[in-house]
Number of protein chains: 2
Amino acid sequence: MKDVARTAGVSVMTVSRAFKSDRSVSQQTREKVREIAEQMGYVFDSTAANLRSQKSGFVAVTIPTIDNGNFSDTVGSLSAQLNGAGLQILLGYSNYSIEKEEELIEQLLRRRPEAIVVTGGRHTERTRRLLGQAGIPVVEMWDLPTDPIDHVVGFSNASTMEMMVDHLVEQGYRRIAFVGGDTVWDTRGADRRRGFVAGMTRHGLLDQARFIAGGKPPISMRQGADAMAELLAQYPDTEAVVCVSDPAAFGATTECIRRGLAVPGDMAVAGFGGYELSAISCPTITTVDPRPADIGSQTAHLISSLLEQGGAGQASQRLEITPMLRPGESTTRT
Amino acid sequence: MKDVARTAGVSVMTVSRAFKSDRSVSQQTREKVREIAEQMGYVFDSTAANLRSQKSGFVAVTIPTIDNGNFSDTVGSLSAQLNGAGLQILLGYSNYSIEKEEELIEQLLRRRPEAIVVTGGRHTERTRRLLGQAGIPVVEMWDLPTDPIDHVVGFSNASTMEMMVDHLVEQGYRRIAFVGGDTVWDTRGADRRRGFVAGMTRHGLLDQARFIAGGKPPISMRQGADAMAELLAQYPDTEAVVCVSDPAAFGATTECIRRGLAVPGDMAVAGFGGYELSAISCPTITTVDPRPADIGSQTAHLISSLLEQGGAGQASQRLEITPMLRPGESTTRT
DNA sequence: TTGAAAGCGCTAACAA
DNA sequence: TTGTTAGCGCTTTCAA
């Protein structure tokens, strides 16, 4: 910057101002400075600017994995909106581990983000402490924790799954199985399973419920297919299956078709997540859409307004997203 | 840090050292300092450290969109490996626009990344200039540009698609259609289309080739289904379709099945990308796997070794990935 | 509208 | 093993 200033015959301060948007520099000076900077191949150094102004322009985000269309949708809309506000996303993957999440969050906080968004509502004690004293807005998304750290943008995985159980029971299914991943890892998956149990209990069908474990999340299509194979071996009289996610439900559906079983004629299948896959698949698969892009944009909007009003220390908001049931051919009684 | 130093009764330099890994501090002092820091809720400030040491710990990455399983796979493995080396990914989305990419790259360079990875080999002149004079290793991935900026980790989209055409012709198909997105936006899609034309020409079948445009990338499953509908209306005697990506091929396949057309009996379908979807779908879909995770890990490995050897200015490497044809039921002559 | 001085929180370089 | 000094490249603050 000093070099640019010298070449342009102005002070470094003027160069600095020429690179900001609406500061007080004459149009003429600004253009000259920018042109010279471009010629000299000068690239502004945000690191130094951030240090001095104590504003990083970062929003930190942790998601369990990038390998999940739902989370990518959320991050995509979050990112698009925050970029518009001049903020960049600093993304980290916790790999479904709250210990890894703790480590990750510590790393991210060292970059002095202006806000932080975490997925889910279960964290280590130290994570809660780190986030609590970070002095920036904290948003927990994709869940509705009973004891939130600060702000929340999410939905109840449990009651959404109950809604799905209601739908299946309404359609006349009774012997229903749940296919999910390891619940120690995937807390949202665990909540969905809890919702399944609650729904079955409420309908007096808990004794007809079956459970198949699908391994470590994210549950793949292959794991869904394997789970269906296991289900058919263990509980061949099952009438319907609800899977913890759409890819698993799709895998389960193809396994049936491959074996000559009709879906839903011989076996009904439902998923979770509202993926495009479920709407296009043949048969279309019943699912519930938690509107991941809405979670992202609501979160972005919340963060923008919080930062405008001065950041941390404001009344904690709780935005509840209402997932939508999308009935498909895969559970329609023929 | 000053506060921590005072409380611990040491100098700031000692505190600084206590937070580095293998520097010269007595084990006792380090533990005491860390403990006090933890109690005081002190979080190390990377921004300042980066400014002083002129090392950001960032690797910048641009991808067209997060909404594409192939790119997420690449970023996932890239990220996992670089995190191991203490580097964080600074990710940006170009939205398939080289103008947006230019803007994005300028933003990213301001954060002083230690290396930068861009997707594809087509860029604006200014992008090339910015990258050329950034003084850091530059990797272009997912392509094999004829005139690379610096390092390359990728494969030829054109010749990979030619391989697919060979496979279809070998299976006996002649009247073959190509379904792809807008080629102005998606340069990899354009390369694949070129490869299709080259393959058909080589087999003397260009006059029997058909083309259906699927809109702006990334091409969705829905667009694939719509493209199939259009194809059946315009060229009902088509024998096989090759799609620019697997999701589109899946959509096209379901559209056939929905209309009572057998795949491959009445219409053969092939995709591109090696998605799990193609291996699980019923019928399984013929695809070609560019091994996105390998692209990521090869890129990570290249970057690690370049940074170890001092960063920019080293001999430009060109790592070619060999995509694998994965024949599926969707093109198998019955 | 422009400039000079001070300093953001850390580390390189050197000294003890 | 520990401490002192200077300064990374910018912006804040104050003055002209």
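Letters A, B, ... are given to chains in the order of the sequence lines, protein chains preceding strands, and every chain is numbered from 1. Worth saying up front: this structure is predicted, and the values here are computed from it rather than measured.
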| Minimum-distance nucleotide (side-chain atoms of A/S16 versus C/dC10, D/dT4, D/dT11) | D/dT11
| Rounded to the Å, how far apart are A/Q27 CD and C/dT2 C1'? | 16 Å
| request: Would you indicate which nucleotide in D/dT13, C/dG9, D/dT2 comes nearest to any side-chain atom of B/T29? | output: D/dT2
| task | Whole angstrom is fine here: how far is it from NZ in A/K2 over to P in D/dT11? | result | 15 Å
| field | Test item: side-chain donor near acceptor, B/N95 and B/S97, under 3.5 Å | value | no
| For the side chain to side chain donor-acceptor pair (under 3.5 Å) test, which of B/T119, B/T74, B/N70 pairs with B/W142? | B/T74
| remark: B/D45 CG to C/dG7 P, in whole Å, measures 18 Å
| field | Heavy-atom closest pair, residues A/V43 and B/R112 | value | O-NH2, 2.5 Å
| N-O pairing of B/R188 and B/D191 below 4.0 Å | no
| task | Could you check whether A/V10 gets within reach of a base, just the sugar-phosphate, or nothing at all, counting any heavy atom under 4.0 Å? | result | sugar-phosphate
| Selection residues 118-136 of chain A - residue pairs positive for salt bridge (Lys or Arg N to Asp or Glu O under 4.0 Å), sequence neighbours left out | A/E102-A/R126, A/E106-A/R126, A/R126-B/E38, A/R128-A/D147, A/R129-B/E38
| field | Pairwise 5' ranking along DNA chain D for B/S11 and A/V15, keeping only the more 5' one | value | B/S11
| field | Nearest heavy atoms of B/R111 and B/S56, plus distance in Å | value | O-CB, 3.7 Å
| message | Base, sugar-phosphate or nothing for A/Y42? Non-hydrogen atoms, less than 4.0 Å. | response | sugar-phosphate
| note | Rounded to whole Å, CD of B/Q28 lies from C1' of D/dT2 at a distance of 14 Å
| said: In this structure, how many angstroms lie between the C1' atom of D/dC14 and the CZ atom of A/R17, rounded? | reply: 11 Å
| side chain to side chain contact (heavy atoms under 4.5 Å, CB included) partner of A/P148, the single match among A/T146, A/V152, A/D150, A/L144 | A/V152
| remark: Residue pair B/V12/B/R112 against DNA chain D: nearer the 5' end by closest nucleotide is B/V12
| request: Figure out the CE/P separation between A/M13 and C/dT1, and round it to whole Å. | output: 14 Å
| task | Answer yes or no: does a side-chain N or O of A/S26 lie under 4.0 Å from OP1 or OP2 of C/dT2? | result | yes
| request: Mind listing the residues from residues 48-58 of chain B sitting with a heavy atom below 4.0 Å of DNA chain D? Number order is fine. | output: B/L51, B/R52, B/Q54
| Rounded distance (Å) that lies between atom C1' of D/dG7 and atom CE of A/M1 | 17 Å
| What's the CZ-P distance between A/F19 and D/dT11, to the nearest Å? | 10 Å
| query | Counting only side-chain N and O atoms of B/K20, is one of them less than 4.0 Å from OP1 or OP2 of C/dT11? | reply | yes
